[in-house]
Novice: 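Sending over a structure as structure tokens; questions will come in a sec.
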Amino acid sequence: MRAYNFCAGPAALPTAVLEKAQQEMLDWQGKGLSIMEMSHRSNDYVAVAEKAEADLRTLMNIPENYKVLFLQGGASLQFSAIPLNLLGKNNKADYIHTGIWSEKALKEAKRYGDINIVEAGTLIDGKHAITEQSTWNLSDNAAYVHYADNETIGGLQFAAVPEVNAPLVCDFSSSILSAPLDVSKFGLIYAGAQKNIGPAGLTIVIIRDDLLDQAKPEIPSILKYGDQAKNGSMVNTPATYAWYLSGLVFEWLLEQGGVDAIYKINQDKAKLLYGYIDSSDFYNNPIAIANRSMMNVPFTLADEALEKTFLKEAEQNHLLNLAGHRSVGGMRASIYNAVPLEGVQALVNFMDDFAKRHG
Ligand SMILES: *Cc1c(COP(=O)(O)O)cnc(C)c1O
């Protein structure tokens, strides 16, 4: 049987998508070979790649003046690619710091330019929160403003898109496609695929046309957004299988009714899990309500000594990968698009039973 997988990444994929991939594995659409064995320049593969892009454009309602790139190197390579492409002549950018991922991004950026760090994390009544935008020390001549929509490790998410004058650049690795988004508010959106899209190895970059050709001339062609855009993300061999499989996920999402429909389910899932945690004296979530992540739900047990037992029993109940990130400990349930409401219900039932037996 397939278990419910709460892994933060690489994460759960829809069973229907894996079944389709399995069915096509040896003989893709009667062509006598696997899609993995196909040239990325073949008409068949290019059609698959273009269909994936078209479906993502539909799902996210991406305006025509944006390019969609299917790159490699993970979100982490974008931590460098973004400053190398976008810092431009004034070489200044604002980075909003809310947790571990936004910190990794700003540390890379500091190697290339004059980075103004906006500390936006705070504690409200002992709970982690993001400060009001009116308190941020944004600069007036930044080439761009960077933030991470959802801090996957902390479980801290922006309640709204910040309003800034410079182009807005956002790491959506763990929240892309989870809720409706107005792409036109951004200069650049990026996301590693392995959380809410597809397998590891693929990174999506959605970039406004006017930002394409500002790269420092000496950087590798593979890292230049303009070069990748001109070459259909095929400056070199792309991650063909991950791209194909992500395309199947986009088709699956469209069949579910698109982002609006999955958003409703995601809201129900989050409400169920946070609601249960809040109703319990045994479990605690450390995030202020307004900034709770819809995708990654960290929680602690009343007694830390029970963590190992909790994880072991959860696994016996086919509830996998609930340990928190190694840097913070505790528990974390990642409830991405591919985790169904029934999975969250099974988790809540287990948590309740565990608390009754051990509380
Ligand atoms: C997972 C994650 C990353 C790192 O992604 P890689 O693809 O492993 O480089 C960056 N940012 C956020 C918000 C993440 O969740």
Side-chain angles (χ1 to χ4, degrees), residues 5-13 69-85 93 95-111 117-118 120-121 128 130 144-159 161-162 168-179 181 186 188-206 222-223 228 233 238-239 241-243 245-246 249 266 270 287 291-298 321-328 332-339:
N5 180 12
F6 299 95
C7 192
L13 287 163
L69 308 178
F70 291 76
L71 306 177
Q72 299 183 63
S76 300
L77 187 56
Q78 294 307 311
F79 296 164
S80 300
I82 287 162
L84 288 170
N85 276 274
Y95 273 69
I96 301 170
H97 182 206
T98 51
I100 291 169
W101 287 116
S102 53
E103 180 165 337
K104 288 196 184 205
L106 71 88
K107 275 191 175 149
E108 289 296 325
K110 274 166 94 173
R111 292 144 49 89
I117 300 169
V118 179
H128 295 281
I130 298 171
Y144 62 92
V145 177
H146 178 280
Y147 76 108
D149 173 59
N150 181 52
E151 286 284 0
T152 318
I153 295 170
L156 186 78
Q157 187 165 20
F158 278 77
V161 176
L168 197 53
V169 172
C170 186
D171 179 353
F172 271 97
S173 289
S174 49
S175 52
I176 191 166
L177 291 168
S178 65
L181 186 68
F186 295 87
L188 186 152
I189 285 169
Y190 67 106
Q194 71 274 20
K195 274 79 184 240
N196 218 11
I197 295 180
L202 181 72
T203 311
I204 303 285
V205 171
I206 302 166
I222 285 179
L223 289 186
Q228 288 288 11
S233 305
Y241 195 73
W243 191 334
L245 205 100
S246 298
V249 172
N266 286 335
I287 310 297
N291 293 120
R292 282 176 164 177
S293 166
M294 194 168 58
M295 294 283 104
N296 309 96
V297 183
N321 296 313
L322 287 161
H325 190 268
R326 56 196 148 82
S327 64
V328 295
R332 173 177 50 172
S334 295
I335 49 175
Y336 298 122
N337 287 350
V339 176

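We count ligands from 1, going down the list as the structure has it; atoms in each ligand are counted the same way.
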Novice: Using a 4.0 Å heavy-atom cut-off, which part of Glu151 comes near ligand 1: side chain, backbone, both, or neither?
Specialist: neither
Novice: Indicate yes or no: does Lys107 engage Glu103 in a salt bridge with an N to O separation below 4.0 Å.
Specialist: yes
Novice: Under 4.0 Å from a heavy atom of Thr152: give me the atoms of ligand 1 that qualify, with their elements.
Specialist: 12 (C), 13 (C), 14 (C), 15 (O)
Novice: Below 4.0 Å, non-hydrogen atoms only: which portion of Ala148 touches ligand 1? Side chain, backbone, both or neither.
Specialist: neither
Novice: Can you tell me how far CD1 of Ile204 sits from CD1 of Ile189, rounded to the nearest 0.5 angstrom?
Specialist: 11.5 Å
Novice: Examine the proximity of ligand 1 to Lys104 and report which part, side chain or backbone, both or neither, has a heavy atom under 4.0 Å away.
Specialist: neither
Novice: List ligand 1 atoms under 4.0 Å from Asn150, heavy atoms only on the residue side.
Specialist: 13 (C)
Novice: In ligand 1, which numbered atoms sit nearer than 4.0 Å to a non-hydrogen atom of Lys195?
Specialist: 1 (C), 2 (C), 3 (C), 14 (C), 15 (O)
Novice: Show me, pair by pair, the donor-acceptor contacts under 3.5 angstrom made by side chains of residues 191-198, not counting sequence neighbours?
Specialist:
residue, atom, partner, partner atom, Å
Asn196, OD1, Asn337, N, 2.9
Asn196, ND2, Ile176, O, 2.9

Novice: Measure Phe172 to ligand 1 on non-hydrogen atoms and call it side chain, backbone, both or neither using the 4.0 Å cut-off.
Specialist: neither
Novice: Give the atoms of ligand 1, by number and element, whose distance to some non-hydrogen atom of Phe79 is under 4.0 Å.
Specialist: 10 (C)
Novice: Tell me which protein heavy atom sits closest to atom 7 (O) of ligand 1, plus the residue, atom name and distance to 0.1 Å.
Specialist: Gln194 NE2, 2.9 Å
